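Below: the structure, in structure tokens.
Any value given below was found using the heavy atoms of this structure, including those in side chains, with hydrogens, waters and symmetry copies removed. On a predicted model such as this, the values are computed, not experimentally measured, just so you know.
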Amino acid sequence: MRLGMLLKYSGAPNSLHLEEVLEAERLGYDSVWSGEAYGTDAVTPTAWILARTTRIRAGTGIMQMSARTPACTAMTALTLQALSNNRLLLGIGASGPQVVEGWHGMPFGKPMARTREYIDILRKILRRDAPLQHQGELYQIPYAGPDATGLGRPLKSILHGDPDMPIYAASITPIGLRTAGEVADGVLPIFMSPEKADLITKPLRQGIARRPPGGNRPPFDIAPYVRICMGNDLQACRDALKPEMALYIGGMGARAKNFYNDFIKHFGYADAAVKIQDAYLGGRRSEAIAAVPDALVDECSLVGSPDHIKDRLQAWKEASKRDEVGSLLLSGVTIDSLRMVAEAVL
């Protein structure tokens, strides 16, 4: 099981602590990932990390598809790949309608169709088998709409990169996971439990089974985000993680369209998911945070003393042996927790 870490992507720019990244690289961590919502973008911190390191890989976790054309994403990825000795991991995702329409001013539309077309275009650009052409429902390249000049022509990237650059998709919905399994090389679930891994792996494997025969695709990487808070007071560690979990479960989406809330219901916490959302959307954030069950935190996070966390890591190791986890991506790390997990896993 490979280890990775997540950078913070909110707050002041200096919250991206380089010392943690350098320590992770020294300890043998495989990757560090940068996300984006509606503030810090994923690319700039990734470039910054790649420039300051020599071995650890850096991933975009994730680049929002609606914020960039597929060709723009491919150009960015090829450039970072070339400048970093092929250490880039490309993660993309649909985000949600509140961000896509409310921030980027783009239609949310059909996220699975977008994922399929987007990755298809990325792979065509990376492989350079022919000048780029794509005629889909969402993307037409060259553009030939009613306002086209008619001067567009198929082009081939002038930058030669690794055509097998791994592409990750972020999803936790069944249809999204099936799509990721079919067209991507890895998935980035924001919530996962080693005891309930089938909620992720079952739809993924259905998607993987739909892949066309042949090809030389690498083993599929399931890389969940796992929050960590280490300390001798177990309850205090749990409580430290609840505000972020309440935000996603209760506030990241509308009442009728919150993918995280839906997942937590399937996860076995339907009553809690309703309470968290009702309180959060009602402006009662403290109540929403208090409604996050301790058991939910324990299942999908690493909390408590070093010994307690080491015991919990055994379940993740077993999941890795069953090919249910490839990379464990830690969120909220400190120097001490990085060292403790490395000692237990690597």
Side-chain angles (χ1 to χ4, degrees), residues 6 35 37 93-99 170-178 180 187-206 222-231 233-304 308-309 311-316 318-319 322 324-325 328-332:
L6 304 177
S95 189
Q98 286 190 322
V99 172
S171 185
I172 54 172
T173 66
I175 188 173
L177 290 165
R178 284 192 292 271
V187 71
L188 302 164
I190 194 168
F191 296 117
M192 186 174 178
S193 163
E195 288 83 12
K196 298 175 182 175
D198 61 314
L199 291 174
I200 302 295
T201 60
K202 183 177 179 180
L204 273 177
R205 286 169 179 160
Q206 291 170 348
I222 302 172
Y225 293 179
V226 180
R227 294 155 189 80
I228 183 168
C229 184
M230 189 172 72
D233 187 332
L234 175 59
Q235 191 59 50
C237 291
R238 289 170 175 152
D239 292 344
L241 300 184
K242 290 183 179 183
E244 182 187 7
M245 297 180 73
L247 168 63
Y248 277 94
I249 299 167
M252 283 288 195
R255 184 177 298 278
K257 203 173 188 68
N258 183 322
F259 309 120
Y260 311 107
N261 191 276
D262 292 342
F263 182 79
I264 295 304
K265 290 176 179 176
H266 293 305
F267 208 64
Y269 297 91
D271 291 344
V274 172
K275 290 179 182 178
I276 295 166
Q277 187 178 63
D278 285 346
Y280 208 100
L281 296 182
R284 305 185 306 277
R285 296 192 178 184
S286 296
E287 182 181 330
I289 292 167
V292 177
D294 289 345
L296 173 59
V297 178
D298 291 344
E299 278 199 65
C300 57
S301 309
L302 295 169
V303 289
H308 192 275
I309 290 176
D311 287 342
R312 183 61 183 152
L313 281 168
Q314 295 303 314
W316 288 103
E318 291 301 316
R322 298 190 298 267
E324 295 171 337
V325 177
L328 202 67
L329 308 183
L330 303 178
S331 172

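Residue Lys275 qualifies as open at atom NZ: its count of foreign heavy atoms under 6.0 Å is 12 or below. Residue Asp271 places its CG atom among 12 or fewer non-hydrogen atoms of other residues, nucleotides or ligands, all under 6.0 Å distant.
For Ser193, the side-chain contact (heavy atoms from CB on, under 4.5 Å) test picks out Glu195, Lys196, Phe267, Glu299, Arg312, with sequence neighbours left out. Partners of Arg227 under the salt bridge (charged side-chain N to carboxylate O under 4.0 Å, His left out) rule, at least two apart in sequence or in another chain, are Glu244. Partners of Arg285 under the side-chain contact (heavy atoms from CB on, under 4.5 Å) rule, at least two apart in sequence or in another chain, are Tyr280. Under the rule for a salt bridge (charged side-chain N to carboxylate O under 4.0 Å, His left out), Asp262 has no partner lying at least two apart in sequence or in another chain. Not counting sequence neighbours, the partners of Leu6 by the side-chain contact (heavy atoms from CB on, under 4.5 Å) test are Trp33, Tyr225, Leu329, Ser331. Legend: residues meeting side-chain contact (heavy atoms from CB on, under 4.5 Å) with Val274, ordered by chain and number and at least two apart, are Lys265, Asp278.
The distance from the SG atom of Cys300 to the CG atom of Leu241 is 9.0 Å, given to the nearest 0.5 Å. In this structure, Ile228 CD1 and Ile309 CD1 are separated by 4.5 Å, a value rounded to the nearest 0.5 Å. Between the CG atom in Asp239 and the CG atom in Leu234 there is a gap of 9.5 Å [rounded to 0.5 Å].
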Run the numbers on Met192 and Val325 for side chain to side chain contact (heavy atoms under 4.5 Å, CB included), then give the verdict.
-> CA-CA 10 Å; Met192 186 174 178; Val325 177; 3.9 Å; yes
Start with the C-alpha gap between Met230 and Leu302, add the side-chain angles, then the distance that decides, and say whether side chain to side chain contact (heavy atoms under 4.5 Å, CB included) holds.
-> CA-CA 8 Å; Met230 189 172 72; Leu302 295 169; over 6 Å; no
Verify side chain to side chain contact (heavy atoms under 4.5 Å, CB included) between Met245 and Ile264, making sure each step is shown before the conclusion.
-> CA-CA 10 Å; Met245 297 180 73; Ile264 295 304; 5.9 Å; no
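The closest donor-acceptor contact from the side chain of Asn258 to the backbone of Met252 lies under 3.5 Å.
Ring pair Tyr260/Tyr248 is perpendicular by interplanar angle, where above 60° counts as perpendicular and below 30° as parallel.
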